[in-house]
There are 2 protein chains.
Amino acid sequence: MQDAPTRPYHHGDLRRTVIETAMGMLQEDKGWQFTLREVARRAGVSQAAPYKHFPDKAALLSEMALIGFDRLHEALARVKPRRPKSLRDEFFAVAQTYVRFGTSNPALYRLMFSGNAGSAADVHLSERALAAFGVLIELLERGQADGVLRKRDVRGQAAACWAQMHGITMLSIDGLFLSEKVGPDPLDTALVALLEGLEN
Amino acid sequence: MQDAPTRPYHHGDLRRTVIETAMGMLQEDKGWQFTLREVARRAGVSQAAPYKHFPDKAALLSEMALIGFDRLHEALARVKPRRPKSLRDEFFAVAQTYVRFGTSNPALYRLMFSGNAGSAADVHLSERALAAFGVLIELLERGQADGVLRKRDVRGQAAACWAQMHGITMLSIDGLFLSEKVGPDPLDTALVALLEGLEN
DNA sequence: ACCTGAACACCGTTCAAGT
DNA sequence: ACCTGAACACCGTTCAAGT
């Protein structure tokens, strides 16, 4: 990804390059504390160049958080196309996918919920976050229609699930959700407890 | 809190002063991005002075996270001494106290779970976090003894509760857990769903 | 024993100037 | 239209030197 397509030297689509470089750096350590100068360095441009494409660092972080939510959304949406197994199985599959997304992209996941991606893009951000949320809603609605789940406000149930998955993910990233500390199979236990509270 | 007790000028117990000043700054905005130099400035000492009491900024952050967990622990422990109401009421009271602690100290709460308070004090950190966790365990054990809750591994149940409360708290801080976005009374719905999954 | 002043190597950001 | 060089105001951290 360095200079394959005969870099036009004096430009090329920086912006995309900046985002990709920064996203790559996110995977390197579990913090999202990369520096803009380092991004520029790796992209082979001057430190001032990124400012032609992003008003400031926060804007870049925002954009990256957006991408993160889109990827999460995709990952969750991809879970559905399985055989029409039981809703319970599907619920577990979605939850496991969610948690795995976070634990395998800890820095990105943290960034998404760090609050540092706020400001101007706030609206877009929660829009995209709620899109991922929509997968949950859809799942729970089906569960209610099938009579497997109690008929309560779906958004409330979805919020309960989201909070549970988010909590598990965050605590896992922090290393506070390991079986030595918190008992065997905490993920399963937590999900079962919640699911049984939603079921008829 | 400025110079009441005739500041000995050339010393005094900085360390405590540094911690207190920094804790105060945490309340000012919802991020924990204060600078060490600013802390020194407000404490009226040179920028180098704090380094005589903390090896580096991370060490100060660690210490502050510890204090945060202790305060959370206290807050949760204080909930108990009420009339022997129903377990359900007590459960709700604990959960609400937890969430309120986070939402009224957003920067501190974020710092506690930011991962930036790690390194050397890691062990102490999770020790203190698990102490707060103990309050939950104790509550659930009583619930099991009373026959109100299912007899399953208590630590697993406690982990489920913790994840739920942590998730609700984080999403609330991020402004993603408001009723306009997620349905009416999300906190109640989420807690009821979880509790009913734990109950007999 | 505790603190300061000055320095080093870094940041984020800006802006005139280059191609 | 897009990028660079040099600068500004800031950090975290160190270390000889002060009291």
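Keep in mind that the numbers below use all heavy atoms, side chains included, and drop hydrogens, waters and symmetry copies.
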Problem set entry | Range-with-range stems for DNA chain D, at least three Watson-Crick or G-U pairs under 3.5 Å |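 So far as stems of 3 or more pairs are concerned, DNA chain D shows C:4-8 with D:12-16, C:12-16 with D:4-8.
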Between [Y] and [X], does any NZ, NE, NH1 or NH2 come within less than 4.0 Å of an OD or OE carboxylate oxygen?
{"X": "B:Glu63", "Y": "B:Arg15", "result": "yes"}
{"X": "B:Glu74", "Y": "B:Arg71", "result": "no"}
{"X": "A:Glu196", "Y": "A:Arg88", "result": "yes"}
{"X": "A:Arg155", "Y": "A:Asp153", "result": "yes"}

For this session: Report the relative orientation of the aromatic rings in B:Tyr98 and B:Tyr109; use parallel for angles under 30°, tilted for 30 to 60°, perpendicular for over 60°.
Result: perpendicular
If you check every side-chain atom of [X], which of [options] has the closest atom?
{"X": "B:Ala48", "options": "D:dT4, D:dA7, C:dT4", "result": "C:dT4"}
{"X": "B:Asp56", "options": "C:dT13, D:dT13, C:dT4", "result": "D:dT13"}
{"X": "A:Tyr51", "options": "C:dT4, C:dG12, D:dC3", "result": "C:dG12"}
{"X": "A:Lys52", "options": "D:dT4, C:dT4, C:dT13", "result": "D:dT4"}

Exercise. C:dG12 phosphate, OP1 or OP2: any side-chain N/O from A:Lys57 under 4.0 angstrom?
Worked result: yes
Exercise. Is any side-chain nitrogen or oxygen of A:His53 closer than 4.0 Å to OP1 or OP2 of D:dC3?
Worked result: yes
Exercise. Quick one: is the NZ or CZ of A:Lys57 closer than 6.0 Å to the six-membered ring centre of A:Phe34, and within 45° of its axis?
Worked result: yes
Please report the distance, rounded to the nearest Å, between [atom1] in [X] and [atom2] in [N].
{"X": "B:Gln47", "N": "D:dT13", "atom1": "CD", "atom2": "P", "result": "12 Å"}
{"X": "A:Asp13", "N": "D:dC2", "atom1": "CG", "atom2": "C1'", "result": "13 Å"}
{"X": "B:Leu60", "N": "D:dC11", "atom1": "CG", "atom2": "P", "result": "15 Å"}
{"X": "A:Leu14", "N": "D:dC3", "atom1": "CG", "atom2": "C1'", "result": "9 Å"}
{"X": "A:Arg41", "N": "D:dT4", "atom1": "CZ", "atom2": "P", "result": "14 Å"}

Exercise. Would you say the side chains of B:Arg152 and B:Gln157 form a donor-acceptor pair under 3.5 Å?
Worked result: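 Per modelled atom types, B:Arg152 and B:Gln157 side chains form no pair under 3.5 Å.
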Exercise. Do the side chain of B:Gln144 and the main chain of B:Arg150 share a donor and acceptor less than 3.5 angstrom apart?
Worked result: yes
Exercise. Among residues 25-37 of chain B, which contact DNA chain C at a heavy-atom distance under 4.0 Å?
Worked result: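 Close to the strand are B:Arg37.
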For this session: Check whether the ring centres of B:Phe69 and B:Phe113 lie less than 6.0 Å apart, and answer yes or no.
Result: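 Close enough - the centres of the two rings lie under 6.0 Å apart.
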